Enquirer: 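Take a look at this one; I'll ask things after.
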Amino acid sequence: MDILVCVKRVPDTSENEIEINSEGTDIEREDLVYSVNEWDNYAVEEAIQIRDRVGGSVTVVTVGDEDSEEVLRREMAMGADQGILISDDAIEGCDGKGSAKTLKAEIEKGKYDLIMTGAQADEGYAQVGGMIAAMLDMPYASLVNYLEILDDNKLKVGREIEGGNTEMNEISIPCVLSIQTGINEPRYVGIRGIRKVANVEIPTHGLSDLGLSGDDVGEKAAKVKRVDYFVPETGEGAEMLEGDTEEKAEKLAEILKSKGGIK
Amino acid sequence: MSSQIFAYIEHHGGAADDSALELINSAKKIDPEAKVTAIVPGSGSEADSVAQEVAATYPEVWKIDNSELSYPNAEIIRGLLLNVLPKDSVLLVPHDTLGMDLAPGLSIKIDSSYVADVVDIEGADGDTLKTVRQEFGGQVHSHVNCDISEGAIITIRPGVFQADESKSASGEVVDKSSEAGSVEAKRKFLEVEEAEVGEVDITKEDVLVSIGRGIGEEDNIEVAEELAEAMGGVVSCSRPVVDAKWMEKGRQVGTSGKTVKPKVYLAMGISGSFQHMGGVKGNPYIVAVNNNPKAPIFQIADLGVEEDMLEFAPELTEKIKEMK
Amino acid sequence: MEHVLISPANATILGIPAWILAVLIPVVGIGAFAYIIARRLIPLAKAESDPRFDRIPLRIKNVLKFWLAQYKQPRYMLAGVLHIVIFIGFLILSVRSISLVIVGFNEGFVMPGLSGALGDVYNFLKDYAATLVFLACIVAAVRRIFFKPERYKVPPEYGEDHTAEAVFVLGLIGALMVFESLFEASHVAAQLQEGMQAEFLPPLTLAWFFSKILGGASTAVLQPIHTSSYFLHDLIFFFFLCYLPFGKHFHVITSIFNVLFMKLDRGTIKPVRHGVSEEELDNLESFGVKYFEEFTWKNMLDFYTCVDCGRCSDNCPANAVGRPLSPRFLTLKSRDYMFERFPVLGDIQPKEPVVGKVFSEDEIWACTTCGACEEECPVLNEYINKIVDLRRGLIEEGNVPQSLQKPLGALEKRGNPYGMMEKKKLDWSKDLPEGTEVKVLDKNNSSDTLYFMDSATAFDERLQEIAKATTTLFNNLGTDFGVLGKAEKDSGHEVKRFGEEMLFQTLKEQNTEAINNSGVSNIITTDPHAYNALNKDYSGIPQAEHISQYLLRQIRNNQLKFNPVTDSELVFTYHDPCYLGRHNLLYDVPREVMDSIPGLNRVEMDRCRDSSFCCGGGGLMLFYESEEDMRMGQKRAQMAAEAGANVIVVACPYCLVNLEDGVKTSGMEGQIQVMDLTELVLQYMYVSS
């Protein structure tokens, strides 16, 4: 099965507080470190496992700049067969549809049985997969947490829905899937693995290679634009208890009792 | 603003979801004068009863009755909506698992803009819709403008807009089933596999001691269990605790977990992401214990304690035992 | 001395001259033995290289200490004494055994040099030796059969009980003693019968008893006893020789070599491959042990030499808390696998990955590298290097538990396992009192002394107290020092021991550069893992000292004085950290620091010094979630309580968090306090106003 996975390079935000820069135009990026979007990583691991089971290839693609190459290399160190970087100054300022259009053009250059993305990335739109599917007229399933190959023409996929339940579907190939965390346990990629692929060539495609122009996908074409970042005025929020640990515990115990929290 | 505004009505078991009553209020923020049309795709008597139900809230209801929709298959729904939505419509959809499945592709098919997971709408300025979103797991907000001159699909985060309980409309139910036609989809629904129910059903509990990442390691869960026992409640958790396999899925509170309606919700070491709090309904008394004073949960909670949960919990357990 | 009975050399059995048998048995025996040994050497020939021929004088000294003097044996007194008796007995009897073989076809043979008085002394000794060995075998057998010491138990997942094998061998040894004595006693009895001067048998020896028992027997009885005990002895002797390489008694042959080639440098980890420099690592095809042949020949020799005594597992803290690791069985499984893949008879089996077949991933990750196993092993087997090599193999395959992937990723991106931003490395210093300076070494600031904090002390809230206490101490004692600030990365000590060698190299390079650029001439650290890393894993930087060494020096110079402990309820105990104690032999320095405080009542836990019980591990081990029945920290806190202590003093940040955690989760909070040595010193330090 020839699989293409769309990956994105995003800032690592888990342990560190994100702050907004003084102008409010962006977040403070100076001390940020970047890595592959966690959902995308699960997708690549799933793709690699499929390839190892039934044969084929795994290609990772990203829309970004030269820094984004490091993310492609990491996924290749993990086991992806090849990486493609789509980079062009004219893409700057694009919206989700612009990214999807760009990726769709790249996908059409190849012949893939399965296209995967992570369920969502740092901005939380969760849109690119669904858009690509519609553009390519392929069936789509989002939030996939289970994948089984039924035969050459169809897959069985489980979608994570409310209540922790799983919605089982049969979907025909080729299709687009967005992958939810927890579908597998991604393997570790060590420094050695990354060094091994340090010199593998990663082709870079510009818009013209894809038959597109900045007017198609760039800032001018964007219908959705982020204006600024801000910290909202906080409302009253919670009433905070005062005192040392023991005093707070005592007060809280009383309050809980009064609210029916102690049975 | 000239576009027609539609609201996508989700329903289960013949009754509309809570989001149905919220969407109309979000629509009013786009255009307070707009006549909002509810769209109810479904099958048979369920589609009927839901359409009737929301007709009390929406001035107009479009019912799409299709035999394939006994379970909402986004691939089919997308095709049906394509056949009924007028050009340049603005469609509001809840940002949940069905919305995420349906909406992005739909925006491409009807060639309109798409903004997802909106937490507030500031209004429409001509053809520019001003929305508010969050990024980086809720740590920052952003203003996002969307060009709606050729329509838009907007997914709305459940719970951010108030529900309109007034039931003051007497909407007309229009049957759009034949216009919607039928659609062949390349994705077929098979069944829903329910999450395993463990020994404990948190959805029935009145008192919940809920733990998050702040618990640190599996062995520390004991500390929460002792507190829950002292309170006569039960331990629930947020997603990271389940992902780490420290507690079973049945204990997870959240949009992808269980919906709980306790009287008292003690959130310890939980940051307060909307996905988690989205599972807490019924307006309980929420107490948050967290050593990060900036944690979003302190915005939502009624009472806050700035403490390390691992130090505070045993202390609280002791005080409660002394009290009894 | 006349031969009253027909000696074996002259006897006939069923018409055949017995000497033929006496020649045949040794020839076949030795021939078979040589073949078996050759087959057993095959895997070692295929193994990775391991240079062990350096420092020969030290190696010989080790042989004398650990092999000849059986230095480790008395750590378990009863078993130790029994073994020493059997061992010394064997050594003494080895001469007799050889003579005995030759006597079978050369009647009057006497070992060169033993014909005169020396021979008499020897004969005297050997009879007592045989007797004591015999008695030791009986005691040992009774102990194995009826008293069944805990450490010999075989958990069901590891197969059948080993008691039968143990008793069988004791039986063989006992039989050898019996037949050797009978051979002699029967002849003496015959001589006495004839009224001749008999050979002298030392009283109360086995032979002496037999000679008394056989006192009244006729030649018709004594002759067959004499001949048959000879040949039974001969047969059993060569059978035993050939049996040795099939079980735990292979150690009889291999242990001297195992000790000769033992690990000489505590606390170090073997390079990824011997002979491959760090610069060349990128060119290696494969890291670590994935297939059995990737172990070194010394590792394999270890597997052969294991005596199945269980002392390692008995002291292994991971084993004690129910983790799936038992060093004893790690070795025995490997040995059995070697026997299976490289059989004496039959074809060599094809190679396959060892993880899954021989080892489980959980047992490989469960080890805290505390070194208790290596400290106990009487034949000086090594464990830590094998675990690290297995981990290297797993890392390369990407087979890493999710709980470790996050801190490893953070180490790669941020230089610390917590994922904290580099610029926050000195946030703890903002809390310091006025006048306490923490200088960052850069082009504007310099110092001779570097305080190397390492990640845990810098970022963990509780452990920052150690950094604060330390810098306050430096200030009070007027010692100028500096820190590297955000240029300091994690020392990488556990990164290396968890098998991520290239990440370790990256951290090491960055730290080495920062340290050398700072121009310091000495390093002080409060973290024994950093101490071990800087001194053993790094090169080309100044020597690192542990804070306890610095403090003792200040005490000896009279710079550091103490107020007395006034609370008489306080009972202190010192917990030896693995990386200060076992791996670096610093047992006394911290104790002397504590004992310098007047009125400090200090007790020792049963398991202290080189038998200290690991707190649970440091570095990456803090993040790994193993299956276990309880935490090591809990067990250790209980040991402190049992020793009667209510204050545990530690000299390592990881011990501090693990033990505090152990105290809390054992429900002893409030009853036992845990404090770092620096906090103790600061509390009682005399500061003139």
Side-chain angles (χ1 to χ4, degrees), chain A residues 9-19 27-42 44-49 51-52 58 67 70-71 73-80 181-200 245-246 249, chain C residues 272 278-279 281-288 361 365 391-425 427 455 459 486 492 495-496 498-510 620 670:
Chain A
R9 178 175 178 264
V10 299
D12 174 15
T13 61
S14 42
E15 294 305 321
N16 298 293
E17 295 148 32
I18 296 290
E19 283 167 20
I27 55 171
E28 196 55 75
R29 293 192 188 255
E30 202 192 302
D31 289 308
L32 288 181
V33 291
Y34 289 76
S35 54
V36 70
N37 178 36
E38 201 187 340
W39 285 268
D40 298 345
N41 197 46
Y42 277 91
V44 175
E45 172 68 33
E46 194 64 22
I48 292 173
Q49 285 188 20
R51 179 211 54 205
D52 287 345
V58 176
D67 288 334
E70 82 183 358
V71 149
R73 281 200 200 280
R74 188 194 177 280
E75 301 308 290
M76 287 160 71
M78 198 162 152
T181 57
I183 187 176
N184 54 42
E185 279 190 26
R187 68 200 64 192
Y188 175 71
V189 181
I191 298 232
R192 180 162 147 80
I194 294 177
R195 273 151 87 132
K196 271 192 181 164
V197 297
N199 296 319
V200 176
T245 310
E246 213 188 308
Chain C
V272 174
E278 282 163 7
E279 291 74 37
L281 281 176
D282 275 329
N283 303 332
L284 275 180
E285 263 300 306
S286 159
F287 274 28
E361 289 164 39
W365 296 112
R391 288 174 176 178
R392 285 170 174 158
L394 288 175
I395 291 258
E396 192 163 81
E397 298 293 298
N399 211 339
V400 178
Q402 298 294 315
S403 59
L404 287 175
Q405 288 197 30
K406 191 151 175 257
L408 281 168
L411 277 158
E412 188 191 325
K413 296 278 179 191
R414 291 280 186 201
N416 69 79
Y418 303 100
M420 304 291 281
M421 288 167 135
E422 300 85 339
K423 64 182 183 190
K424 298 197 168 200
K425 189 111 183 184
D427 276 3
S455 308
F459 293 116
K486 40 183 210 181
V495 175
K496 188 181 182 77
F498 270 73
E500 234 292 26
E501 184 65 25
M502 297 316 289
L503 178 56
F504 166 73
Q505 293 292 332
T506 309
L507 293 165
K508 182 179 82 147
E509 273 159 36
Q510 292 168 335
L620 286 167

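Just so we're on the same page: letters track the sequence lines, and every chain starts at 1. Everything quoted here is computed from the prediction, not taken from an experiment.
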Enquirer: Would you call C/Asp427 and C/Met420 a side-chain contact if the rule is heavy atoms closer than 4.5 Å?
Expert: no

Enquirer: Which bit of C/Lys423 is near chain A, if near means a heavy-atom gap under 4.5 Å: side chain, backbone, both or neither?
Expert: side chain

Enquirer: Evaluate the side-chain proximity of A/Pro186 to C/Gln402: yes if any heavy-atom separation is below 4.5 Å, no if none is.
Expert: yes

Enquirer: Would you mind telling me which of A/Arg187, A/Arg192, A/Lys196 has the largest number of heavy-atom pairs within less than 4.5 Å of chain C?
Expert: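 Heavy-atom pairs under 4.5 Å are most numerous for A/Arg192.
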
Enquirer: Measure C/Glu396 against the heavy atoms of chain A and call it side chain, backbone, both or neither at under 4.5 Å.
Expert: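 Side chain of C/Glu396 only, per the 4.5 Å heavy-atom cut-off to chain A.
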
Enquirer: Identify which part of C/Leu404 has an atom lying under 4.5 Å from any heavy atom of chain A, answering side chain, backbone, both or neither.
Expert: neither

Enquirer: Taking the side chain as everything from C-beta on, heavy atoms only, tell me whether C/Asp282 gets closer than 4.5 Å to C/Met502.
Expert: yes

Enquirer: So for A/Arg195, is it side chain, backbone, both, or neither that comes closer than 4.5 Å to the heavy atoms of chain C?
Expert: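 Side chain only.
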
Enquirer: Quick check with a 6.0 Å cut-off and a 45 degree axis cone: is C/Arg392 positioned over the face of C/Phe287's six-membered ring?
Expert: no

Enquirer: Test C/Gln505 against every option in C/Glu278, C/Glu500, C/Glu279 by the side chain to side chain contact (heavy atoms under 4.5 Å, CB included) rule and name the one that passes.
Expert: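 When C/Glu278, C/Glu500, C/Glu279 are each tested with C/Gln505, the side chain to side chain contact (heavy atoms under 4.5 Å, CB included) holds only for C/Glu278.
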
